[in-house]
Amino acid sequence: MNLFNPQKSIRFPADDPRLVRALQRESRALLAKNNDHRYADARTVGKALALLALCLLCYGVALIQQHLLPFFVWYLLMIVCAMLLAVNVMHDASHNAFLRGRRANRWLNRLITVPLGMDPDCWRVRHVRFHHSYTHIECYDPDTAENGLLRQSPWQRWRPIMQAQRYYWPLVAALTFPWYIWVMDWLDRGGLTPVTPHLEKRGFAGWWVFLCGKEAHIAFSLLLPCWVMADSFSAGTVAGVYLASQMTSSLFFVMLVIGTHWAKGHAQLPPENGKMSEGRLAHVFTTTFDWSIRPAWLGYWLGGLNLHLTHHLFPHWNHRHYHDLSQVIEAIARDEGLDYQRLSLRDLLKLQQQFLTRMGEKPEA
């Protein structure tokens, strides 16, 4: 069950013009200072190529193993690299912030997502069209929609098991990638969710591209390993390693991304009159955090995943700018009296637990 069901359009009022001008002025100055642009640069492309090479290297080493533990370790490393490729490339390309051309970004995503298996068009609509537009608005944000397992807002149905959701949520997070790859992508493509009307390609052409992507993923991740390693491992063993690797990378991703919104702990019903009480920029400050990561170089390889508020304010900028942009945002927020906090990872995880505990308590009514 996933009650992601936007019924009508929601309008946001204009943001404070002073805030808008300040963000535009300082971000443009950031580019002008170095005669730069908002897309990926040579270093960012080099990082993507390095991750791709490392992904294929781990894959090749995994295929020559004869014992289960080293096979699992190398296969897991391959999936982790695939996840990092998605974070560093697919995420930006979905916002048209990696390459300059929209079509080039779409085809780049098709190639990059083969190892991970997620359909990039379905993910783009869910993430860009709905999550960014309606962050933490009940029934409009698919990332926090009611699913019967985790209660993520006061308006979602409560079940007794949810009193323990702060303990079992890692299992739900770990199952997110497999669920999207093998269930939600197909429902989105099949016209069974609100995602379908917004897909770039529909009908026969859409199904053709979709099925080619899924077949490429199955061949790369399952069929080829089963064929090459038939003398060492059964098909069931390969499938088990595949699932365990997907679940591990999914846990890591969901904990750091969705958990950022959990930490803020703000959710709301859609407005009855269809108009929000605050502008889009103000809504981002209400629902999203930035957090710091140590050592700092991890943030580079995580594609700026920790600077999530910065990403929501500047989604069409490549992640290589997030560090500088976050400093600009922090200064402007201080001047404008906005709630900007840069959490530590420990604080982030603590606030996640507090949110899940609060939402898991039995409601009085």
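Note that this is a predicted model, so its numbers are computed, not measured.
Linking Ile, Leu, Val, Met, Phe, Trp and Tyr whenever their side-chain heavy atoms come within less than 4.5 Å puts V284 and V328 in one cluster. A single hydrophobic cluster is seen to contain both W158 and I161, as judged by linkage of ILVMFWY side chains at heavy-atom distances under 4.5 Å, directly or through other members. Criterion: ILVMFWY side-chain heavy atoms under 4.5 Å apart, direct or through other members. Under it, Y167 and L349 are not part of a common hydrophobic cluster. Under a hydrophobic-cluster definition in which Ile, Leu, Val, Met, Phe, Trp and Tyr are linked whenever side-chain heavy atoms come within less than 4.5 Å, directly or via other members, L211 and M118 are assigned to different clusters. Linking Ile, Leu, Val, Met, Phe, Trp and Tyr whenever their side-chain heavy atoms come within less than 4.5 Å leaves F289 and L313 in two separate clusters.
You'll find the side chain of H37 stays beyond 4.5 Å of the side chain of N318, heavy atoms only. When side chains are defined from C-beta on, I293 does not count as touching L345, because their heavy atoms never get closer than 4.5 Å. Put simply, the side chain of L223 does not reach to within 4.5 Å of the side chain of C226, judged on heavy atoms. Counting only heavy atoms from C-beta outward, the side chains of L348 and Q352 approach each other to under 4.5 Å. Residues M184 and V195 form no side-chain contact, since every pair of their non-hydrogen atoms from C-beta on lies 4.5 Å or further apart. Side chains of W317 and L31 form a contact here, defined as non-hydrogen atoms less than 4.5 Å apart. Residues T310 and H321 are not in side-chain contact: their nearest non-hydrogen atoms beyond the backbone lie 4.5 Å or more apart. In this structure the side chain of N109 reaches within 4.5 angstrom of the side chain of S94, judged on heavy atoms.
The NZ atom of K33 sits 11.0 Å away from the CD atom of E26 when rounded to the nearest 0.5 Å. In this structure, M229 CE and I64 CD1 are separated by 9.0 Å, a value rounded to the nearest 0.5 Å. Note: N88 CG to H319 NE2 = 4.5 Å, rounded to the nearest 0.5 Å. Rounding to the nearest 0.5 angstrom, the gap separating the CH2 atom in W262 from the CG atom in L356 is 5.0 Å. Here CG of L251 is found 9.0 Å from OG1 of T176. Values are rounded to the nearest 0.5 Å. Of the inter-residue distances, the one linking L187 atom CG with C122 atom SG reads 9.5 Å to the nearest 0.5 angstrom.
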Does the pair Y39 and L99 meet the rule for a side chain to side chain contact (heavy atoms under 4.5 Å, CB included), with working shown? CA-CA 6 Å; Y39 304 99; L99 302 175; over 6 Å; no
One pair to check against side chain to side chain contact (heavy atoms under 4.5 Å, CB included): M276 and Q268. What are the steps and the verdict? CA-CA 10 Å; M276 297 285 287; Q268 70 175 85; 3.3 Å; yes
Please evaluate residues K264 and T286 with respect to the criterion side chain to side chain contact (heavy atoms under 4.5 Å, CB included), reporting the C-alpha separation (whole Å), side-chain torsions for both, the decisive distance (0.1 Å), and the verdict. CA-CA 7 Å; K264 201 74 173 188; T286 303; 5.7 Å; no
Please evaluate residues W169 and Q353 with respect to the criterion side chain to side chain contact (heavy atoms under 4.5 Å, CB included), reporting the C-alpha separation (whole Å), side-chain torsions for both, the decisive distance (0.1 Å), and the verdict. CA-CA 10 Å; W169 80 265; Q353 282 293 301; 3.1 Å; yes
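Across P315 and A97, no two heavy atoms sit closer than the pair O-CB, 4.2 Å. When all heavy atoms of N273 and K275 are compared, the closest pair comes out as OD1-N, 3.0 Å. Nearest heavy-atom pair across L243 and P178 is CD1-CG, 3.9 Å. Here the shortest heavy-atom pairing between F72 and A244 reads CE1-CB, 3.8 Å. Contact record, H131 with P142: N-CD, 4.0 Å, taken as the closest heavy-atom pair. Contact between S27 and L325 at its shortest, heavy atoms only, is CB-CD2, 4.1 Å.
No donor-acceptor pair under 3.5 Å is formed between the side chain of H261 and the backbone N or O of T288. In terms of modelled atom types and a separation under 3.5 Å, the side chain of R342 and the main chain of S292 share no donor-acceptor contact. Side chain of D188 to backbone of T196: no donor-acceptor contact under 3.5 angstrom is found. Checked by atom type and distance alone, the side chain of S250 pairs as donor or acceptor with a backbone atom of A173 at under 3.5 Å. In this structure, the side chain of R166 engages the main chain of Q163 through a donor-acceptor pair within 3.5 Å. Remark: the backbone N or O of G148 is not paired with any side-chain donor or acceptor of R157 at under 3.5 angstrom. Of the possible polar contacts, one joining the S249 side chain to the Q246 backbone as a donor-acceptor pair under 3.5 Å is found. A donor-acceptor contact shorter than 3.5 Å links the side chain of Q156 to the backbone of T144. Here the side chain of T113 pairs no donor or acceptor atom with the backbone of L116 at under 3.5 angstrom. With hydrogens and angles ignored, the 3.5 Å screen pairs no side-chain donor or acceptor of D92 with any backbone N or O of F98.
Each of R124, R189, R103, R106 was checked for a salt bridge (Lys or Arg N to Asp or Glu O under 4.0 Å) with E200, and the lone residue meeting it is R106. Exactly one of D185, D119, D121 qualifies for a salt bridge (Lys or Arg N to Asp or Glu O under 4.0 Å) with K214. That residue is D185. Among the candidates Y59, Y75, Y242, the single residue satisfying the ring pair (Phe, Tyr, Trp, His ring centres under 6.0 Å) test with F220 is Y59.
Annotation: W301, atom CH2; neighbour count of heavy atoms from other residues, nucleotides and ligands within 6.0 Å is above 12. Enclosure of atom CH2 in W182 by more than 12 non-hydrogen atoms of other residues, nucleotides or ligands within 6.0 angstrom is indicated.
Using bins of under 30°, 30° to 60° and over 60° for the plane-to-plane angle, the ring pair F253/F177 lands in the tilted bin. The aromatic rings of F233 and F71 lie parallel to each other, their planes meeting at an angle below 30°, with 60° marking the opposite boundary. Between W208 and F204, the two ring planes are parallel [angle under 30°; tilted spans 30° to 60°].
A donor and an acceptor atom, one from each side chain of H266 and H283, are nowhere located under 3.5 Å apart. Judged by distance alone, the side chains of S245 and T248 never bring a donor and an acceptor atom under 3.5 Å apart. With hydrogens and angles left out, the side-chain atoms of H95 and H127 include a donor and acceptor closer than 3.5 Å.
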Determine all donor-acceptor pairs shorter than 3.5 Å in which one atom belongs to a side chain in residues 17-25; sequence neighbours excluded.
| from | atom 1 | to | atom 2 | distance (Å) |
| --- | --- | --- | --- | --- |
| R18 | NE | E336 | OE1 | 3.2 |
| R18 | NE | E336 | OE2 | 3.2 |
| R18 | NH2 | E336 | OE1 | 3.2 |

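In this structure, W186 has its ring center under 6.0 Å from that of F210.
Sorted by first and then second residue, the pairs that involve residues 300-325 and meet salt bridge (Lys or Arg N to Asp or Glu O under 4.0 Å), not counting sequence neighbours, are D36-R320, D41-R320.
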